[in-house]
Amino acid sequence: MNDMTPEQTAALNERHRVRMERKKAIIDARIQAADKQVGIIIVNTGNGKGKSSSAFGMAARALGHGMRVGVVQFIKGAKATGEENFLRRFPDEVSFHAMGEGYTWETQNRERDVAKAGEAWQQAKRFLSDPAVGLVVLDELNIALKYRYLDVHAVIEDLLDRPPMQHVVITGRGAPPELVAVADTVTEMNVVKHAFAAGIAAQAGTEW
């Protein structure tokens, strides 16, 4: 770039301007065509880090828009996390329910896990029937579905029966195909590199 003549730089800048002009026209047309206002289902899945982090980022975004947020954690709950500690500072705007007892390899009791997942879903249903709740975060629901602690078809029925303007974000590895099929936005997060593989323990503020 530094070896380019002024004429070459000017030509490059002009090509860039023309490409961006075309791109803007395409994007503006797509934005104008996307005129529906409706609550959406978002699924964050995959083996990579960041599924819950993204969901709680959306919770912060929703709060910024004056929305009420309901959170149900299906697996986590054995110890408080940074996001729980933070969101509990807003009791009038956020209802936070950490209803799991830890990861499945820690609990080692399927009957109890099924019972806890059932209790957590009852709380989720209360959020899903309340039009005053603008965003519902169902953290690690995918794990409960993967291990069949909950019936995926009953869960989907409740999700589709929610208030029309309510948004839902669902996290966890192994999202079932039935849930992916009805979701509006699905993101699969893949691992490129993770500190844990190098023997680095989970760090406060980045992992929990």
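Quick note: residue numbers are just sequence positions, from 1.
Residues M99 and V136 share a single hydrophobic cluster, defined by chaining ILVMFWY side chains whose heavy atoms lie under 4.5 Å apart. Using a 4.5 Å cut-off between side-chain heavy atoms of Ile, Leu, Val, Met, Phe, Trp and Tyr, with links allowed through other members, F86 and F56 fall into the same hydrophobic cluster. Note on V137 and V155: separate hydrophobic clusters, where clusters join Ile, Leu, Val, Met, Phe, Trp and Tyr whose side-chain heavy atoms are under 4.5 Å apart, directly or indirectly. Residue V72 is not grouped with residue M67 when hydrophobic side chains (ILVMFWY) are merged at heavy-atom distances under 4.5 angstrom, including chains of intermediate members. Connection of I26 to I31 is not established within any shared hydrophobic cluster, with ILVMFWY side chains joined at heavy-atom distances below 4.5 Å, either directly or through further cluster members.
Residues Q8 and T5 meet the side-chain proximity criterion, which asks for heavy atoms closer than 4.5 Å. Residues I42 and I40 form a side-chain contact, since some pair of their non-hydrogen atoms from C-beta on lies under 4.5 Å apart. Two residues are said to be in side-chain contact when any heavy atoms from C-beta on lie closer than 4.5 Å; L150 and L141 meet this criterion. Residues I27 and K23 form a side-chain contact, since some pair of their non-hydrogen atoms from C-beta on lies under 4.5 Å apart. Between F127 and H97 the shortest side-chain heavy-atom distance falls below 4.5 Å. Residues V69 and V133 fail the side-chain proximity criterion, which asks for heavy atoms closer than 4.5 Å. Under the 4.5 Å side-chain criterion, counting only non-hydrogen atoms from C-beta, K51 is in contact with R173. Residues R68 and V94 have side chains not in contact (no heavy-atom distance under 4.5 Å, counting atoms from C-beta outward).
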Quick one, H16 with L12, criterion side-chain contact (heavy atoms from CB on, under 4.5 Å). Give me CA distance, side-chain angles, the key distance, then yes/no. CA-CA 6 Å; H16 177 79; L12 179 61; 5.8 Å; no
Go through W121 and L128 one step at a time and tell me if the side-chain contact (heavy atoms from CB on, under 4.5 Å) criterion holds. CA-CA 10 Å; W121 188 249; L128 293 170; 3.8 Å; yes
Test side-chain contact (heavy atoms from CB on, under 4.5 Å) on R110 and Y147; report intermediate values, then the result. CA-CA 9 Å; R110 188 177 188 280; Y147 287 108; 5.6 Å; no
Start with the C-alpha distance between K24 and E21, add both sets of side-chain angles, then the distance that settles salt bridge (charged side-chain N to carboxylate O under 4.0 Å, His left out), and finish with yes or no. CA-CA 5 Å; K24 182 180 188 310; E21 186 176 61; over 6 Å; no
Check the pair M58, L135 against side-chain contact (heavy atoms from CB on, under 4.5 Å), reporting the backbone distance first and the verdict last. CA-CA 8 Å; M58 289 182 227; L135 175 69; 4.3 Å; yes
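The backbone N or O of Q166 lies less than 3.5 Å from a partner atom in the side chain of R162, making a donor-acceptor pair. Side-chain atoms of D139 do not come within 3.5 Å of backbone N or O of Q73 as any donor-acceptor pair. Formation of a donor-acceptor pair under 3.5 Å by the S54 side chain with backbone atoms of G50 is not found in this model.
Remark: I156 CD1 to D161 CG distance equals 13.5 Å, nearest 0.5 Å. Here the CZ atom belonging to R22 is positioned 10.0 Å from the CZ atom belonging to R17, to the nearest 0.5 angstrom. Interatomic distance, H153 NE2 to D158 CG, rounded to the nearest 0.5 Å: 13.5 Å. The CZ atom of F96 sits 6.0 Å away from the CZ atom of R88 when rounded to the nearest 0.5 Å.
Applying the 6.0 Å contact sphere to CD of E111 captures no more than 12 heavy atoms from other residues, nucleotides or ligands. Atom CZ of R148 has 12 or fewer neighbouring heavy atoms from other residues, nucleotides or ligands inside a 6.0 Å radius.
Using a cut-off of 4.0 Å between Lys/Arg side-chain N and Asp/Glu carboxylate O, E119 and K116 are scored as salt-bridged.
Nearest heavy atom pair, residue F74 against residue A117, reads CE2-O, 3.9 Å. Closest of all the heavy-atom pairs between N85 and R89 is O-CG, 3.6 Å.
Counted by atom type alone, N44 and T171 present zero donor-acceptor pairs between their side chains at under 3.5 Å.
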Could you go through residues 174-197 and list every donor-acceptor pair under 3.5 Å that involves a side-chain atom there, pairing it with any protein atom two or more places apart or in another chain?
unit_1	atom_1	unit_2	atom_2	d
D184	OD2	I41	N	2.8
H194	ND1	F196	N	3.1

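A side chain to side chain contact (heavy atoms under 4.5 Å, CB included) with L138 is found for one member of L159, V43, V71 and no other, namely L159.
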